[in-house]
Amino acid sequence: MSAVLDSAAVRPETETGAPAPGSGAAEGRRKWLGLFAILAATLMNLLDATVVNVAAPAIRDDLGASYTGLQWVAASYTLTMAVGLLTGGRLGDMFGRKRMLQIGATGFVLASLACALAWNPEALIAARVVQGLCGAVMIPQTFGLIRDLFSPQEMGKAFAAFGPCIGIATILGPIVAGTLVDADVFGTGWRMIFLINLPLGLFALLVGQRVLPSARPIAAGSRSLDWTGALIGGVGMFLLVYPLVQGREKGWPLWMFGMLAASVAVLGGFAYQQLRRAASGRAPLVRLSVFRKRSYASGVLFVIAFFGAITGFSLAVGLFLQLGMGFSAMRASLTMGSWAIGAFIGSAASGMLMGKLGRKILHIGLAIMAGGTALLYLVFANASTTMGSWPLVAPFLVYGLGMGLIFVPLFDIIMGEVADEEVGSASGALESMQQLASALGVAIFGTVFFGQGGARMHSQAALDAVSLTALIALGLTALAFAVGFLLPKHARQGGGH
């Protein structure tokens with residue numbers, strides 16, 4: 001590692017956090033090394049949001065996890081990240097982005113090691129909770145650090161390199177996970193999907209410490225952290241997700257419905273607390289004034305429907321291929337590879353088309369997604385119990401293409417009518433809602449899939465179960481399509497987040 005840094009001719013930072021004077025070439029290398037450190041931190045989050053979909057059956061076989069336990073292994077990460085994101089961005093403002101990225105990455109690496117060493121499902125879920133919280137501290141700092149590293153004139157080049165790397169990681173992530181599980185490197189099996197974070201995290205920490213700028217944070221006294229609001233919001237989200245995950249296994253007792261009702265009351269209390277805090281002149285976690293804008297409130301509903309559908313459906317399909325059809329982790333990830341390839345192509349196309357098409361690109365993407373979902377339903381509904389991979393490749397490609405068209409422009413379009421002073425809070429709330437939607441998608445689709453498939457997941461039961469989840473995904477896509485007409489017609493100039 002030291003050789004890499006020495007070859008970049010990295011120079012120490014000044015007291016203000018700006019780089020010391022040096023040659024333009026050395027300074028340029030420093031910036032790009034910093035971008036790679038940020039990318040390594042981002043890749044850890046991207047991998048850990050998806051690898052469980054591939055490794056879930058292996059985890060179940062090794063740790064003896066129940067189907068509900070598998071749902072929690074996936075949902076605990078996204079749920080705790082949703083809660084943590086309410087405050088993660090503010091921490092960077094108060095204590096410095098570089099410092100919080102380093103703290104978050106350190107915790108993430110240690111939590112990844114704890115995941116790899118887990119001896120039962122409960123230990124794994126607990127480690128995933130810590131991962132999610134550390135990710136919520138780490139990830140909000142990345143885009144701000146890129147802006148600190150590069151001048152406005154260089155920003156385009158930085159994001160032009162960053163975007164495709166993320167897209168490639170999205171494609172390769174599940175395939176790498178499947179390869180690691182099947183390869184059983186050093187007898188680690190599924191545990192290697194978490195151990196892979198160690199070299200990524202160490203690179204982010206060691207290189208980031210040397211090259212990332214330590215710009216002065218906003219004075220801590222000027223912006224207090226709303227721990228009470230974060231606690232109330234977190235409790236409300238947990239009360240909402242817990243019954244959806246556990247209800248099927250426990251037979252839906254009356255107290256489960258009481259938790260769902262309580263979640264509404266607690267989240268209402270969160271809104272009241274945020275209004276009171278803003279009225280007293282203190283900074284709230286979420287500026288609720290943005291929800292008075294029909295376009296933004298509609299955007300939150302769009303995010304919940306869209307991300308809930310794609311996260312939940314991808315989990316159901318991954319479980320169907322392995323538990324129902326008996327595919328290996330590698331074969332399942334390769335079968336779903338066309339989905340990721342389609343998403344990569346769609347994301348690249350949307351970057352070129354969003355300025356011209358505006359909101360229309362969302363409807364085009366959703367229509368293509370709906371077509372891909374319908375094709376998948378037809379394949380599932382008419383397949384034999386010995387179905388191979390090839391019938392799924394084209395529908396997955398179509399589905400991924402539509403999904404990719406939506407990824408790039410979505411947040412900027414939702415933020416199109418948000419006032420400048422509300423952008424930070426509004427974008428943070430959207431990111432938190434995205435993670436909550438993913439947790440809800442895992443809970444709902446997992447419950448439907450396992451409930452329909454039954455305790456003994458034979459091939460025909462799995463086909464029936466995944467067919468039902470395809471219909472639910474189609475319904476959520478239709479909901480997003482209708483809500484899309486309430487969004488701003490054009491993206492926010494300069495980006496909304």
Side-chain angles (χ1 to χ4, degrees), residues 1 39-78 80-81 104-135 138 168-206 314-315 317-319 321-323 325-337 340 442 446 457:
M1 186 65 67
L39 179 61
T42 305
L43 289 179
M44 289 196 295
N45 169 59
L46 287 174
L47 288 172
D48 279 73
T50 59
V51 290
V52 171
N53 293 359
V54 176
I59 293 172
R60 178 173 178 264
D61 291 342
D62 186 31
L63 298 183
S66 65
Y67 288 147
T68 300
L70 291 182
Q71 289 175 259
W72 276 119
V73 170
S76 57
Y77 180 80
T78 51
T80 51
M81 181 168 278
T106 300
F108 201 97
V109 168
L110 294 175
S112 298
L113 181 60
C115 287
L117 297 176
W119 59 93
N120 60 29
E122 293 75 20
L124 179 56
I125 292 167
R128 291 282 283 172
V129 167
V130 178
Q131 264 194 325
L133 291 174
C134 292
M138 176 177 67
I168 293 171
T170 304
I171 294 173
L172 295 180
I175 296 174
V176 170
T179 303
L180 292 174
V181 172
D182 278 2
D184 195 21
V185 181
F186 303 122
T188 55
W190 60 268
R191 299 172 191 273
M192 185 55 71
I193 67 171
F194 297 111
L195 292 174
I196 196 69
N197 287 333
L198 271 60
L200 285 171
L202 289 174
F203 179 85
L205 286 168
L206 296 178
S314 66
L315 174 66
V317 170
L319 292 170
L321 292 175
Q322 295 186 70
L323 295 179
M325 304 307 294
F327 286 14
S328 67
M330 182 63 178
R331 184 179 177 187
S333 60
L334 287 175
T335 300
M336 297 178 69
V442 167
M457 189 70 68

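Basis for what follows: all heavy atoms, side chains included, without hydrogens, waters or symmetry-related copies.
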How close do [X] and [Y] get, counting heavy atoms only, and between which atoms?
X      : Y      : result
Ala332 : Gln322 : CB-CG, 3.8 Å
Gly104 : Cys134 : O-CB, 3.5 Å
Leu70  : Ala56  : CD2-O, 3.4 Å
Ala118 : Leu63  : O-CD2, 3.9 Å
Gly132 : Thr80  : CA-OG1, 3.4 Å
Val181 : Ala55  : CG2-CB, 4.0 Å

Decide yes or no for [X] and [Y]: does some side-chain heavy atom of the first lie under 4.5 Å from some side-chain heavy atom of the second?
X      : Y      : answer
Phe194 : Leu124 : yes
Tyr67  : Leu319 : no
Val52  : Tyr77  : no

| said: Keeping Arg331 on the side-chain end and Gly326 on the backbone end, is there a donor-acceptor pair under 3.5 Å? | reply: no
| field | Residue pair Asn197, Val109: steps toward the side chain to side chain contact (heavy atoms under 4.5 Å, CB included) verdict | value | CA-CA 6 Å; Asn197 287 333; Val109 168; 5.6 Å; no
Spacing of [X] atom [atom1] and [Y] atom [atom2] [to the nearest 0.5 Å]:
X      : Y      : atom1 : atom2 : result
Leu200 : Leu195 : CG    : CG    : 12.0 Å
Met330 : Thr335 : CE    : OG1   : 10.0 Å
Trp190 : Asp61  : CH2   : CG    : 12.0 Å
Thr42  : Leu46  : OG1   : CG    : 7.0 Å

| query | Given the rule in the side chain to side chain contact (heavy atoms under 4.5 Å, CB included) test, do Ile193 and Leu47 qualify, once you have shown the distances and angles that lead to the verdict? | reply | CA-CA 8 Å; Ile193 67 171; Leu47 288 172; over 6 Å; no
| request: Tell me, please, which residues at least two apart from Trp72 pass ring pair (Phe, Tyr, Trp, His ring centres under 6.0 Å). | output: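 Ring pair (Phe, Tyr, Trp, His ring centres under 6.0 Å) list for Trp72, sorted by chain: Tyr242.
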| request: Please assess Cys115 against Gln131 for the test side chain to side chain contact (heavy atoms under 4.5 Å, CB included), listing each intermediate value before the final yes or no. | output: CA-CA 9 Å; Cys115 287; Gln131 264 194 325; 3.7 Å; yes
| request: Would you sort out whether Val51 and Ile196 count as a side chain to side chain contact (heavy atoms under 4.5 Å, CB included), showing the intermediate values? | output: CA-CA 11 Å; Val51 290; Ile196 196 69; over 6 Å; no
| query | Of all residues at least two apart in sequence or in a different chain, which pass the salt bridge (charged side-chain N to carboxylate O under 4.0 Å, His left out) check with Asp62? | reply |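 If we apply the salt bridge (charged side-chain N to carboxylate O under 4.0 Å, His left out) test to Asp62, skipping adjacent residues, the hits are Arg191.
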